[in-house]
Each structure stands twice: as structure tokens, then as C-alpha cells.
Amino acid sequence: MSETSRRAESEPKESDSSSETDDRFRLKAEVEILREENETLRHEYARVRHVRNRNAALGLAAVGLVALGGAALLPSVRTVLLVLGATGLFTATLVYSLEPTRVLPVSASEAVYDALAENESALASELGLKSGRYVPTDASGTPSVVLFVTANDDGPSLPDSSSLLVVSNGTDGHGVALSPTGMSLLDSVRGSMPDGFGETPEDLAGSLSDAAEALDIVEAASATVVADENRLAVGVSGYAYGSLDRFDHPVLSVFAVGLAAAMDEPVRVESIEPSDRADAVIDYRWGE
């Protein structure tokens, strides 16, 4: 083979290598540009949010000052205007001083719950467990609620144990004691409930419905108590996180945890049915 032929064969390879290198550099440059643009957008969003909060605070403060000024000029409605003015100024102070915390997109929280539900469901299936009850416990020294999953409904309540895997003398007592999703969700809104969640089923029906709506895991929720049957029926509409029959669904868990903690009784989900007035109706039982 002549020198010219060898040179002709080597030139395309060198050209291809150079082209691949250029492509890599171009892609890397584009990634860096996108990263910088994303950072710019993040800062811009934070700035716009701060300006929006500041403008809202100024508006509320203006309303409060006008109301206080009106109270001095209009004695007949002074009490109402004083209350309005104080409320406006107080709210303006809160809005200006309290920056909202980071809000994760729904897709991120759903992805986290998907992985959690799949893992816990697979664990229960591998161990031959299928019946779950939300059981109040203070085994760790702190009152809380666990999701105790056993082989059947006739198994005993959770023994005094803080272990994840629970082993008892009888086969029916074997199970797993999991931390339910509703526990941390209720803790996150407990401070916004000045009177707590209540102690009677009637009080719980309203406060837990309000909590579920405040958490934005449902668009609407309403609960009805059947006291003589130890039953709570909860109608929910526009619920998040997919089908309600999934393992420890957050919507189911919030009501079950609240009931178990307040009633100091194991609570189980008896049924989930469609309804004409809501997307679904969930029946809870306790005291069995």
C-alpha cells in the first residue's frame, strides 16, 4: 500500500475523532448554559416571591392603618375598625417577616411515596402479612401510632415493643410495626390547630377533615361519626397519591392516625367505596 493510500485512510479517522470531541465540548457548553439559566431562574423566582410578599404586607398594613384612622373618626363603628386595623397590621407583620418554606412539586412527593409504598408492600407480602391496624403505643417512651401489619384480623394488638419486626408466641401475633405516613403529616399541621384535633369522635371528624384539606392531600373532605358502631365514615374528593387502596395511603393514614391517637384504640380501615357525593367514602372502625 502506498504512502498516499495510508494517509487517505488515516485522515477520516482523525476527522471523526475531532468531530466527536467537538460534539462533547458543545454538549458540555450547552449543559453549563442550561445550569446557569436554571440558577438565574431560581434567583428570579425567589426575588419575585419576596417582592410579592412585601407588596402583600404593604397592602395589609395600609388597610390596617386606614381602619385605625377610621376608628378615630367614626365612633359608632370604632370597635369593628379597631379589630380590623389590628388584624391587618398583625397579618402584615407576619407576611413580611415569615418567608415561605421550600415547596416541593407534587411529582417529587408522589415519587417518594411510590417508592415507600412499593417497598413496604413488598416487605409485607414476603412475610405473608396482609391485615393492617393503626395502633397507639408509647413503647419508645413517646406516645405515637404505628401501623401494625399482621397475617389476619384476629391477631393481637401490638405487644410492648419498639422493634420493627414483632415476634410473639402465637403465629397470629407476628408482624411488622411501621411508622405511618399520617404521623408526620399530622405533626406538620398540629401547630396550626389551636385547640388540637379534639378528643371525641365528633371533634375529630371536623378537625381531621380540616387537616387533610390544609395538607392539600384532598380537595375536600367531610366525616360523619356513627358513635354506637364505633365507626367514622369519611368522604374525600380530589385526593392525591393515586388509588386509595395503596399501602398506607397518606389520606387514609391521616384519619386513622388521628383517630388512634385520640381514642387510644387500634383503628382499621374497614372499606373504601365509591360515592355519589364524593370520589370515595372510607370507613374506619375502632374499639373491636
Side-chain angles (χ1 to χ4, degrees), residues 101-125 129-137 143-149 158 164 175-193 196-198 201 204-224 231-263 265-275 278-286:
T101 56
R102 177 184 294 181
V103 178
L104 293 176
V106 174
S107 57
S109 60
E110 285 185 343
V112 172
Y113 168 68
D114 288 346
L116 176 69
E118 288 179 7
N119 289 336
E120 293 184 341
S121 181
L123 172 64
S125 179
L129 311 176
K130 56 184 178 180
S131 177
R133 284 162 293 165
Y134 293 84
V135 183
T137 177
S144 63
V145 176
V146 298
L147 173 56
F148 186 39
V149 188
L158 180 69
L164 171 64
V176 292
L178 305 170
S179 179
T181 57
M183 196 71 197
S184 55
L185 288 173
L186 285 180
D187 285 343
S188 69
V189 296
R190 194 180 300 276
S192 63
M193 310 288 288
F197 295 111
L204 289 167
S207 60
L208 292 176
S209 296
D210 293 340
E213 293 177 3
L215 289 164
D216 206 24
I217 56 177
V218 296
E219 292 179 359
S222 60
T224 304
R231 182 167 65 90
L232 179 71
V234 181
V236 293
S237 296
Y239 48 83
Y241 301 105
S243 175
L244 290 173
D245 59 4
R246 303 182 69 189
F247 193 93
D248 191 31
H249 193 287
V251 175
L252 272 68
S253 192
V254 160
F255 286 92
V257 167
L259 274 172
M263 306 302 295
E265 293 273 5
V267 172
R268 67 181 177 88
V269 179
E270 184 172 69
S271 65
I272 304 170
E273 302 289 345
S275 171
D279 291 343
V281 174
I282 312 161
D283 270 356
Y284 297 90
R285 293 271 190 173
W286 68 91

Nearest 0.5 Å please: distance from the CG atom of Asp245 over to the CD1 atom of Ile272. 6.0 Å
Rounded to the nearest 0.5 Å, what separates atom CG in Leu129 from atom CG in Leu178? 9.0 Å
Write down the atom of Phe247, the atom of Tyr113, and the distance for their closest heavy-atom approach. O-OH, 2.8 Å
Assess whether side chain to side chain contact (heavy atoms under 4.5 Å, CB included) is satisfied between Tyr241 and Val251, documenting all intermediate values. CA-CA 8 Å; Tyr241 301 105; Val251 175; 5.5 Å; no
I need the Ser209 OG to Leu232 CG distance, nearest 0.5 Å. 7.5 Å
Does His249 reach the main-chain N or O of Ala117 with its side chain, forming a donor-acceptor pair under 3.5 Å? no
What are the two closest non-hydrogen atoms of Pro266 and Pro136, and how far apart are they? N-CD, 3.9 Å
Of all the heavy-atom pairs spanning Ala280 and Tyr239, show the shortest one and how long it is. CB-CE2, 4.3 Å
Mind running side chain to side chain contact (heavy atoms under 4.5 Å, CB included) on Met183 and Val146 for me, showing each step along the way? CA-CA 8 Å; Met183 196 71 197; Val146 298; over 6 Å; no
From Asp283 CG over to Glu273 CD, what is the distance, rounded to the nearest 0.5 angstrom? 8.0 Å
Give me the atom names and distance for the closest heavy-atom approach of Gly258 to Leu186. N-CD1, 3.6 Å
I'd like to know if the side chain of Ser188 reaches the main chain of Leu185, judged simply by a donor and an acceptor atom lying under 3.5 Å from each other, with no hydrogens or angles considered. yes
What pair of heavy atoms forms the shortest contact from Ala262 to Leu204, and how long is it? CB-CD1, 3.4 Å
Check against side chain to side chain contact (heavy atoms under 4.5 Å, CB included), Leu244 and Val269: CA-CA 11 Å; Leu244 290 173; Val269 179; over 6 Å; no
Using every non-hydrogen atom in the two residues, find where Tyr134 and Val257 come nearest and quote the distance to one decimal. CD2-CG2, 4.0 Å
Evaluate side chain to side chain contact (heavy atoms under 4.5 Å, CB included) for Ser144 paired with Thr137, printing each intermediate quantity in order. CA-CA 5 Å; Ser144 63; Thr137 177; 3.8 Å; yes
Ile282 side chain reached by Phe255 side chain, heavy atoms, under 4.5 Å: no
Is the backbone N or O of Thr181 less than 3.5 Å from a side-chain atom of Asp248, with the two atoms forming a donor-acceptor pair by type? yes
To the closest 0.5 Å, what do you measure between CZ (Arg133) and CZ (Arg268)? 9.0 Å
Point-to-point distance, once rounded to the nearest 0.5 Å, from CG of Asp114 to CZ of Arg246: 4.5 Å
